[in-house]
Amino acid sequence: MKLPEDFYRRPDPVQISRELLGKYLITHIGGVRTAGIIVETEAYNGRTDKACHAHLGRRTKRTEIMYHRGGLAYVYLTYGLHHLFNIVTNEAGFADAVLIRALEPTEGLEEMQLRRGLARPGLARPSLMRPGLARPDYRLTAGPGVMSQALGITREHWGENLQGDKIWVEDRNYTLADQDILQRPRVGIAYAQEDALLPWRFSIRNNPWVSRAKATYESGNNSAQ
DNA sequence: GGAGTGATGTTCT
DNA sequence: GAACATCACTCCG
């Protein structure tokens, strides 16, 4: 079931970030369908949060979309190279958003590899960590820039409505207990000073598709390839 | 596997 | 001209 607009038009981006874990992010771009489970998110609050691009009412051509109603895509280019995909939340006038940072791929893996320039064969069963199987290539979708590239998301999708047929999120009744969820400070926002300490980054515990997998993935995987 | 660093374009000072 | 919600590569162990 596609998440309805009401899901996004709620006031707390931190709560929405947590609830987006385990949901399926799906794109139908260039005639190809790609999808995966959201395993890592970050919340940004336009009113109170120095890390947010729209902090203190900052309003530019780039951030304008964040002031719209929830349920639209905010895509921007960072470091001149990477397109980062966010979902605008809250009602119009509040510049809140959730950054989707990593995905466990489930559909369209071949197309994702092509888009990523990873010609490596044998990415079979990436969600499984069985001894004896080759380790999946986490460079496919474990990080906000590479995830967008794998899904075909670019700045052309800035403002895209998630009720449409290009990018959307589905609830497939994959529920997570609190103990399955890791809550940590956000990544790469040291410039936000004290707000950099806010624990507004959520991820699925022990899921290897979380970005910088080595840092959060507990022991128990076989590191031998 | 960890530190260091270059790539690259838009936004804002 | 600096900074940037990143990534992949090198070098060193």
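In what follows, chains are A, B, ... by sequence order, proteins preceding strands, each numbered from 1.
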message = Looking only at the side chains, is there a donor atom on one of A:K2 and A:Q163 sitting less than 3.5 Å from an acceptor on the other?
response = no
task = Verify whether one side chain among A:W168 and A:E170 offers a donor that lies under 3.5 Å from an acceptor in the other.
result = yes
remark   = DNA chain B nearest-nucleotide lookup for A:R58 and A:G80: closer to the 5′ end is A:G80
The side chain of [X] is closest to which nucleotide in this list: [options]?
{"X": "A:R139", "options": "C:dA5, C:dC7, C:dC9", "value": "C:dC9"}
{"X": "A:L81", "options": "B:dT10, B:dT8, C:dC7", "value": "B:dT8"}
{"X": "A:L77", "options": "B:dG9, C:dC4, B:dT11", "value": "B:dG9"}
{"X": "A:R116", "options": "B:dC12, C:dT6, C:dA8", "value": "C:dA8"}

Rounded to whole Å, please give me the gap between [atom1] in [X] and [atom2] in [N].
{"X": "A:E42", "N": "C:dT6", "atom1": "CD", "atom2": "C1'", "result": "12 Å"}
{"X": "A:Y76", "N": "C:dT6", "atom1": "OH", "atom2": "P", "result": "6 Å"}
{"X": "A:N86", "N": "C:dC4", "atom1": "CG", "atom2": "C1'", "result": "14 Å"}
{"X": "A:H55", "N": "C:dA3", "atom1": "NE2", "atom2": "C1'", "result": "17 Å"}
{"X": "A:H82", "N": "B:dG6", "atom1": "NE2", "atom2": "P", "result": "15 Å"}
{"X": "A:R101", "N": "C:dT6", "atom1": "CZ", "atom2": "C1'", "result": "9 Å"}
{"X": "A:L99", "N": "C:dC4", "atom1": "CG", "atom2": "P", "result": "16 Å"}
{"X": "A:Y138", "N": "C:dC7", "atom1": "OH", "atom2": "P", "result": "16 Å"}

request  = Rounded to whole angstrom, note down the P distance from C:dA2 over to B:dG6.
outcome  = 15 Å
task = Using the six-membered ring for Trp and the full ring for Phe, Tyr or His, decide whether A:Y79 stacks on the six-membered base ring of B:dG9 (centres under 5.5 Å, planes under 30°).
result = no
For [X] and [N], is the shortest distance between a side-chain N/O and OP1 or OP2 below 4.0 Å?
{"X": "A:Y74", "N": "C:dA5", "answer": "no"}
{"X": "A:T78", "N": "B:dT10", "answer": "no"}
{"X": "A:H53", "N": "B:dT11", "answer": "no"}

A:L151 side chain reached by A:M112 side chain, heavy atoms, under 4.5 Å = yes
key: Atom CD of A:E5: over 12 foreign heavy atoms under 6.0 Å   = yes
task = Check for a donor-acceptor pair, side chain of A:D49 on one end and backbone N or O of A:G46 on the other, with a separation under 3.5 Å.
result = no
query = What nucleic acid atoms does A:R62 come within less than 4.0 Å of, heavy atoms only: base, sugar-phosphate, or nothing?
reply = sugar-phosphate
Pairwise distance CD(A:E110) to CG(A:L118) - rounded to 0.5 angstrom = 13.0 Å
ask   = With both distances under 3.5 angstrom, what nucleotide forms a Watson-Crick or G-U wobble pair with B:dA7?
value = C:dT6
remark   = Taking for A:Q149 and for A:I189 the nucleotide of DNA chain C with the nearest heavy atom, the one nearer the 5' end belongs to A:I189
